[in-house]
J.: 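Below: one structure in structure tokens.
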Amino acid sequence: MSRRRSRLSRRVRHGLRLAAETDVSRGRIATAALAVVGALVVWFVSTTVFPYYSLNHDEGVYLQQAGMLLEGRLFLYPPVDDVFLPWFFVEDGDRIYPKYGPVPAAMFALGKLAGAYRYALPAIAAGNLALVVGVVGETFDRRTGLLAGVAVLASPLFVVDSAVFLPYAPTTLWNLAFAYGYLRADRTGDHRWA
């Protein structure tokens, strides 16, 4: 009788383990699908609504800074002092540099390395959606995380901010990556995530 219980117990544990693995696989597939849909939506909005960029002048600064980083330059040297100062650049003796931090511009520059600056936008959006699912999944459960990801994708503010060259989406990506790593480390006790 105890052998039967032991076998039954092993079979039940094995079945539960398989069910959990299947649930995790489905959740990952759903997260990836949501990220791909989000990337396609952002690409569509970026290329159709903002083909010539937005009215926000900061976009030009970030793209110029991305171009400077790709050329290996952190500073510009104007040909004539005190005559020309680009938008949101700061004077430092005979050189000028962008007012903004280089991280968002560096992320946009990665898109250019892949072929075009615009390639960075859907990649950042996909990362944000996947990380929203991950953060909420770590806090609550995977289904709630997927629901949160759908809600974020349905937000016009997310779509518009992700479709332009402004720092909001790249900054959100880094914040979400930190939150996910922190929550995962706390839940699992694996300090490599932290």
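The chain is numbered in sequence order, starting from 1. Because the structure is predicted, anything quoted here is derived from the model rather than measured. Computed over heavy atoms, backbone and side chain alike; hydrogens, waters and symmetry mates excluded.
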J.: A quick test of your reading: do over 12 heavy atoms of other residues, nucleotides or ligands sit less than 6.0 Å from CZ of Phe50?
T.: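 Yes, enclosed.
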J.: Minimum heavy-atom separation for Asp161 and Ala169, please, with both atom names.
T.: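 It is O-CB, 4.1 Å.
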J.: Considering all heavy atoms of both residues, which atom of Ala30 and which atom of Leu146 are nearest to each other, and what is their separation?
T.: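 Smallest interatomic distance, heavy atoms only, reads CB-CD1, 3.7 Å.
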J.: Is Val42 reachable from Val36 through a run of I, L, V, M, F, W or Y residues, each pair having side-chain heavy atoms under 4.5 Å apart?
T.: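 Shared cluster, no.
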J.: Side-chain donor-acceptor pair under 3.5 Å between Asp141 and Thr144, yes or no?
T.: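 Yes.
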J.: Do Val61 and Tyr100 touch side chain to side chain, with heavy atoms closer than 4.5 Å?
T.: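 Yes, close enough: below the 4.5 Å cut-off.
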J.: So, is the end of the Lys112 side chain (NZ or CZ) under 6.0 Å from the ring centre of Tyr117 and within 45° of the ring's axis?
T.: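 Output yes; distance and angle both within limits.
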J.: Would you check if Leu69 and Leu74 make a side-chain contact, meaning some heavy-atom pair closer than 4.5 Å?
T.: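 Side chain of Leu69 against side chain of Leu74, heavy atoms only: contact under 4.5 Å found.
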J.: Assigning hydrophobic clusters by single linkage (Ile, Leu, Val, Met, Phe, Trp, Tyr; side-chain heavy-atom cutoff under 4.5 Å), is Phe108 placed with Leu110?
T.: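 Same hydrophobic cluster.
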J.: Would you confirm whether Arg118, through its side chain, and Pro51, through its main-chain N or O, come within 3.5 Å as a donor-acceptor pair?
T.: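 Looks like yes, one N/O pair under 3.5 Å.
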J.: Between Arg142 and Thr31, is any pair of side-chain heavy atoms under 4.5 Å apart?
T.: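 With C-beta onward as the side chain, the pair touches.
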J.: Donor-acceptor pair, distance only, cut-off 3.5 Å: does the side chain of Asn128 make one with the backbone of Leu173?
T.: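 Indeed, once roles are kept as given, a pair shorter than 3.5 Å links the two residues.
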J.: Can you see which heavy atom on Leu176 is nearest to which on Val135, and at what distance?
T.: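 Minimum heavy-atom contact is O-CG2, 3.7 Å.
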J.: If every non-hydrogen atom of Arg187 is compared with every non-hydrogen atom of Glu138, which pair is closest and at what distance?
T.: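 So the two residues come closest at NE-OE1, 2.6 Å.
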J.: Can you see which heavy atom on Ala39 is nearest to which on Pro122, and at what distance?
T.: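 The pair with the smallest heavy-atom distance is O-CB, 3.4 Å.
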J.: Side chain to side chain contact (heavy atoms under 4.5 Å, CB included) between Met68 and Leu76: does it pass, once the steps are laid out?
T.: CA-CA 8 Å; Met68 289 170 56; Leu76 292 176; 3.9 Å; yes
J.: How long is the gap from CG on Leu166 to CG on Asn56, to the nearest 0.5 Å?
T.: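 Spacing of CG (Leu166) from CG (Asn56) equals 4.5 Å.
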J.: With clusters defined by side-chain heavy atoms of hydrophobic residues (ILVMFWY) lying less than 4.5 Å apart, directly or transitively, does Leu183 cluster with Leu147?
T.: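 In one cluster: no.
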J.: Compute the ring centroids of Tyr62 and Phe165, then answer whether they are less than 6.0 Å apart.
T.: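 No, too far apart.
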J.: Shortest non-hydrogen contact from Pro104 to Gly101?
T.: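 Nearest heavy atoms, Pro104 then Gly101: CD-O, 3.7 Å.
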J.: Should we say atom CZ of Phe44 is surrounded by more than 12 heavy atoms from elsewhere, each under 6.0 Å from it?
T.: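 Incorrect, the count does not exceed 12.
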J.: Check whether any side-chain heavy atom of Tyr53 lies under 4.5 Å from a side-chain heavy atom of Val164, and answer yes or no.
T.: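 No; the side chains remain at least 4.5 Å from each other.
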J.: When you compare the side chain of Leu129 with that of Phe158, does any pair of heavy atoms fall below 4.5 Å?
T.: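 Phe158 vs Leu129: side chains touch.
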J.: According to a 4.5 Å side-chain heavy-atom criterion applied to Ile, Leu, Val, Met, Phe, Trp and Tyr, with indirect links allowed, do Val37 and Trp43 form part of one hydrophobic cluster?
T.: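 Unlinked, Val37 and Trp43 end up in two clusters.
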J.: Any non-hydrogen side-chain atom of Ile124 less than 4.5 Å from a side-chain atom of Met107?
T.: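 Of all side-chain heavy-atom pairs linking Met107 with Ile124, at least one is under 4.5 Å.
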J.: For the residue pair Tyr180 and Trp193, is the inter-centroid distance of their aromatic rings smaller than 6.0 Å?
T.: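 Between Trp193 and Tyr180, which both carry aromatic rings, the centre distance is below 6.0 Å.
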J.: Transitively linked via ILVMFWY side-chain contacts under 4.5 Å: Leu40 with Val133?
T.: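 No, no single cluster joins them.
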J.: Evaluate the ring-ring contact (aromatic ring centres under 6.0 Å, His included) criterion for residues Phe89 and Tyr97: first the C-alpha distance (whole Å), next the side-chain angles of each, then the deciding distance (0.1 Å), finally the verdict.
T.: CA-CA 5 Å; Phe89 274 69; Tyr97 60 90; 8.3 Å; no
J.: Given side chains that start at C-beta, do those of Pro102 and Gln65 come closer than 4.5 Å, heavy atoms only?
T.: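 A side-chain contact exists here, since the closest heavy-atom pair is under 4.5 Å.
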J.: When you compare the side chain of Ile96 with that of Tyr77, does any pair of heavy atoms fall below 4.5 Å?
T.: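 No, every pair of side-chain atoms sits at 4.5 Å or beyond.
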